[in-house]
Amino acid sequence: QVQLVESGGGLVQAGESLRLSCAASGLTFSNYHMAWFRQAPGKEREFVAVISRSGNSITYTDSVNGRFTISRDNAKNTLYLQMNRLKPEDTAVYYCAGGVTIETKARYNYWGQGTQVTVSS
């Protein structure tokens, strides 16, 4: 079955960096657009970034543009999110998602279990 497994979350101070990974199995990774979403306590799940199947099309939400970088390695079936200059408002559970349609809404076919990112001030 399809599995998306996130890793790399943790507790950091404001201004520091983290790199999230999402290892995919059970699907042909290069056939899927991949995205990162996040959900803070009491809030709806929100779009963070998306990368197309080939990696040549990328979109970020405004609040992370210039600080976060999404990338993928189709040979390793892995999605990444490099997060720099982290802020307390970035605190959330981060989810990776895969789908056949590239979009910013949470309508992807497959989801990981999430990894917690906590940024202290």
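FYI, side chains are in, hydrogens and waters are out, and symmetry mates aren't considered; it's all heavy atoms of this structure. Predicted, not measured: the structure shown is a model, and the values here were computed from it.
Sorted by first and then second residue, the ring pair (Phe, Tyr, Trp, His ring centres under 6.0 Å) pairs involving residues 11-36 (not counting sequence neighbours) are Y32-Y110. Every pair tested for salt bridge (Lys or Arg N to Asp or Glu O under 4.0 Å) that includes a residue from residues 112-121 fails, sequence neighbours excluded, so the list is empty. Judged as a salt bridge (Lys or Arg N to Asp or Glu O under 4.0 Å), the pairs with a partner in residues 103-121 (not counting sequence neighbours) are, in order, E103-R107. Sequence neighbours left out, the pairs with a member in residues 17-30 that pass side chain to side chain donor-acceptor pair (under 3.5 Å) are S17-N84. Within the structure, ring pair (Phe, Tyr, Trp, His ring centres under 6.0 Å) pairs that include any residue of residues 81-108 comprise F37-Y108 (at least two apart or interchain). The salt bridge (Lys or Arg N to Asp or Glu O under 4.0 Å) pairs that include a residue from residues 41-60 are R38-E46, where partners are two or more places apart or lie in different chains.
Atoms OG and CD, from S7 and Q113 in turn, are 9.0 Å apart once rounded to the nearest 0.5 Å. Remark: Q13 CD to L11 CG distance equals 8.0 Å, nearest 0.5 Å. To the nearest 0.5 Å, the span separating CE on M34 from CG on L81 amounts to 12.0 Å.
Contacts of S71 classified as side chain to side chain contact (heavy atoms under 4.5 Å, CB included), with partners at least two apart in sequence or in another chain: Y80. Residues meeting the side chain to side chain contact (heavy atoms under 4.5 Å, CB included) test with T59, sequence neighbours left out: F47, V50. Residues that satisfy the side-chain hydrogen bond (donor to acceptor under 3.5 Å, both in side chains) test with R67, not counting sequence neighbours, are D90. With sequence neighbours excluded, no residue satisfies salt bridge (Lys or Arg N to Asp or Glu O under 4.0 Å) with E16. In terms of the side chain to side chain contact (heavy atoms under 4.5 Å, CB included) criterion, residue partners of I58 (sequence neighbours excluded) are, by chain and number, I51, Y60, I70. Every residue two or more places apart in sequence or in another chain was checked for a side chain to side chain contact (heavy atoms under 4.5 Å, CB included) with D62, and none qualifies.
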Which is it for V119 and E89 under the side chain to side chain contact (heavy atoms under 4.5 Å, CB included) test, yes or no, and what are the steps along the way? CA-CA 8 Å; V119 184; E89 51 264 44; over 6 Å; no
Dump the intermediate steps for side chain to side chain contact (heavy atoms under 4.5 Å, CB included) on V2 and W111, then the final yes or no. CA-CA 9 Å; V2 175; W111 292 86; over 6 Å; no
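Across all non-hydrogen atoms, the minimal contact from A14 to S121 is CB-CA, 4.4 Å. Between A24 and L4, the shortest heavy-atom contact is CB-CD2, 3.5 Å. When every heavy atom of A92 is checked against every heavy atom of A40, the shortest pair comes out as CB-N, 3.8 Å.
With contacts defined as side-chain heavy-atom distances shorter than 4.5 Å, the pair V12/M83 does not qualify.
Remark: side-chain polar atoms of E6 are not paired, donor with acceptor, to backbone N or O of L20 under 3.5 angstrom.
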